[in-house]
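Residue numbers start at 1 and run along the sequence shown.
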Amino acid sequence: LLNHQTIRVLILTGEGPISFCSGADLSEKEGDGTAGTVPSIRIKLRQCPIPIIASINGFCLGGGLALAMCADVRIASANATFSIPAVKLGVPCPQDIIARLMALVGESNAKLILYTGDRISAEQARSQGLIQYVCANHDGLENYVLDLARAMSRNAPLSMRAAKTMIERPDDASAIKRAVD
């Protein structure tokens with residue numbers, strides 16, 4: 001369990017320079033009990049009161065991109081590639097992923113990403129608003145993300161949480177009041 005009282009920033013990353021997350025293993029049989037797990041993780045990430053930075057290296061595909069989109073800030077290395085290949089796999093893309101994608105990149109770019117299923121480069125993802133910054137390589141990514149997390153950690157945690165609540169839940173007056181109080 002995360003201790004929201006002491007942790008100031010959460011960094012979400014993959015292992016090493018090859019992949020942030022390449023999505024679900026579609027060869028696994030249905031009904032293995034994981035169908036509700038990934039959407040639940042996305043919900044928990046979106047509801048996390050502390051800022052989340054996605055540090056993206058290599059492949060960021062399908063469900064991996066859906067997880068990255070739940071982060072507040074997305075930073076990638078130049079070798080990162082992004083895709084939602086649902087149309088190529090003949091599976092529907094969940095509505096919450098489509099809604100988040102549209103919020104980040106706009107309707108036209110979301111349609112292009114969803115209708116083609118093609119991979120886009122880190123620079124293309126940055127220009128569309130999917131990520132905020134591109135680092136030259138894996139080491140640069142790690143350093144940049146750690147520096148960013150340190151900078152965020154020096155700020156007032158309750159102010160950051162209030163800002164996050166207002167951004168993520170603009171229509172929830174009671175949540176905003178609690179955050180401000």
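- Atoms CG and CD1, on Leu65 and Ile56 in that order, are 7.5 Å from each other to the nearest 0.5 Å.
- Using a 4.0 Å cut-off between a side-chain N of Lys or Arg and a carboxylate O of Asp or Glu, Arg150 and Asp147 qualify as a salt bridge.
- In this model, no donor atom of one side chain and acceptor atom of the other lie less than 3.5 Å apart for Asn137 and Ser77.
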Name the atoms and distances for all side-chain donor-acceptor pairs under 3.5 Å in residues 13-20, with sequence neighbours left out.
unit_1 : atom_1 : unit_2 : atom_2 : d
Thr13  : OG1    : Ser55  : O      : 3.0
Ser19  : OG     : Cys21  : N      : 3.4
Ser19  : OG     : Phe59  : O      : 3.4

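- In this structure a side-chain-to-backbone donor-acceptor pair under 3.5 Å is missing from Lys111 to Gly106.
- Here CZ of Arg42 is found 12.0 Å from CZ of Arg100. Values are rounded to the nearest 0.5 Å.
- No side-chain N or O of Asn155 forms a donor-acceptor pair with one of Ser153 less than 3.5 Å apart.
- Remark: Asp72 CG to Leu45 CG distance equals 9.5 Å, nearest 0.5 Å.
- Between the side chain of Arg74 and the main chain of Leu130, a donor-acceptor pair closer than 3.5 Å is present.
- For the pair Arg46 and Asp96, the salt-bridge criterion is not met [side-chain N within less than 4.0 Å of a carboxylate O].
- The backbone N or O of Phe82 lies less than 3.5 Å from no partner atom in the side chain of Arg119, so there is not a single donor-acceptor pair.
- Atom OG1 of Thr165 is separated from atom CG of Leu158 by 10.5 Å, given to the nearest 0.5 angstrom.
- Gln124 pairs by the side-chain hydrogen bond (donor to acceptor under 3.5 Å, both in side chains) definition with Ser121, not counting sequence neighbours.
- The line from SG of Cys93 to CG of Leu114 is 5.5 Å long, rounded to the nearest 0.5 Å.
- No continuous path of hydrophobic side-chain contacts links Leu112 to Val105 [ILVMFWY only; heavy atoms under 4.5 Å].
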